[in-house]
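When a ligand or atom number is given, it counts from 1 through the structure's own listing order.
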Amino acid sequence: MTKRKLSFIGLLIVVSLLGVMLTGCSSTATTDSKEIKIGGNFELTGGVANFGKQTMQGIQLAFKEANAAGGVLGKKLVLVTADNKSEPSEATNAITKLITQDKVVMVLGPIASSNVLATLQVGQDNKVPVLTATGTNSKITVDNGKVKPYAFRACFIDPFQGSVMANFATKTLKAKTAVIYIDSSSDYSKGLAESFEAQFVKNGGVIVAKEAFLQKDQDFKATLTKIKGMNADTIFIPAYYEEVGKISKQAREIGITTPLIGTDGFDDPKVVDIAGAEALNNTFFSNHYSAQDTDPRIQKFVAAYKAEYGQEPSALAALGYDSALMAIDAIKRANSADPVKLRDALEQTKNLQVVTGVITLDGDHNPIKSAVVIEMKDGKQVFKEKINP
Ligand code: PHE
């Protein structure tokens, strides 16, 4: 072999070794670098943009605190966000980008159940856990009796939330009849209608009618006029703040004075901007926590959040913060940021003290947590009662 040939072979060896080193580096970049990249699939624009922003801020606060305390496993937590525009198809695109391009080890979000449901197959196919702080629809973690191995949440589920409001209607409002008015474009709304009805009927109540609207509808008066004629004791509206705001305003305008009741989707200051404080009097909804709860753990969080963002944290902010604590706890127990190990650790979440309660995941990847009922009084949220599961 000539000298030239030898050095050519040498060069080939060096180049291929370099290649191995480089690809080796890139495939382990997420675990070997000084950072742990976590995806945030959020509604940052579109119909429920405020929900996305609040949740993201809660997560960022928890990450900031953890990083200030030296990081997790000695590494800095980095939240890589993607905007799902409050649309299921965009939520699928967002998770795909976060996993395949950004190489995140876990995805937090989305917020709204329909958007969460649109991301789970991608998480599962890529073996990357998806942890929603807020998605309450029961099908997120279990479908047809089968637990989805890569799907987790930090909140209670709608069968509980729906029955809390049915019991509130029966026991506190003494309602014997109710109308259910749902957003038929939302899995969240449809699931809640079912669980509310089941419990209300069990309590001896009668559902006199079920009506529906679609997200982005503007004029609800024709249906509300029909509902007014039914003279029911209460109207159950499991929907999000934009539509809830418009419905409440128009209901009062046409003279509906009965209590309007709803669920966590009510929880945004924008509901007051849209409906006006007056229209929201005699309105009640279930939620995950109240910033007025005197529990010291809650007050500590409220103070830290206010100091950071200059506003009171909604339940979404608290749940976002809690989902970040769940992620951090899983990384520590896994002693790794490997997505599959994180999945295994998340499944074992036990007695984790968070702002909205204590999280122990059941066999269906759901925490068992209490709910609160909030009353709107002159545009302010008033903490009414706490209901344990
Ligand atoms: N539970 C809602 C859903 O599943 C999201 C939400 C959570 C809204 C908390 C407000 C507060 O779509």
Taking 4.0 angstrom as the limit, do D293 and K386 come out as a salt bridge? yes

salt_bridge(K216, E87) N-O dist < 4.0 Å: yes

I254-V208 co-clustered via ILVMFWY side chain contacts under 4.5 Å
yes

Pairwise, report which nitrogen or oxygen atoms of ligand 1 are under 3.5 angstrom from protein nitrogen or oxygen atoms, and how far apart they are.
unit_1   : atom_1 : unit_2 : atom_2 : d
ligand 1 : 1 (N)  : T134   : O      : 3.0
ligand 1 : 1 (N)  : T136   : OG1    : 2.8
ligand 1 : 1 (N)  : D264   : OD1    : 3.3
ligand 1 : 1 (N)  : D264   : OD2    : 2.7
ligand 1 : 4 (O)  : S113   : N      : 3.4
ligand 1 : 4 (O)  : S113   : OG     : 2.5
ligand 1 : 4 (O)  : T136   : N      : 3.0
ligand 1 : 4 (O)  : T136   : OG1    : 3.1
ligand 1 : 12 (O) : S113   : N      : 2.9
ligand 1 : 12 (O) : Y240   : OH     : 2.5

* Polar side-chain atom of N137 near backbone of D187 as donor-acceptor pair, under 3.5 Å -> yes

Exercise for review: State yes or no: are the ring centers of F51 and Y240 separated by less than 6.0 Å?
Suggested key: yes

By ring-ring contact (aromatic ring centres under 6.0 Å, His included), F42 pairs with (sequence neighbours left out) none

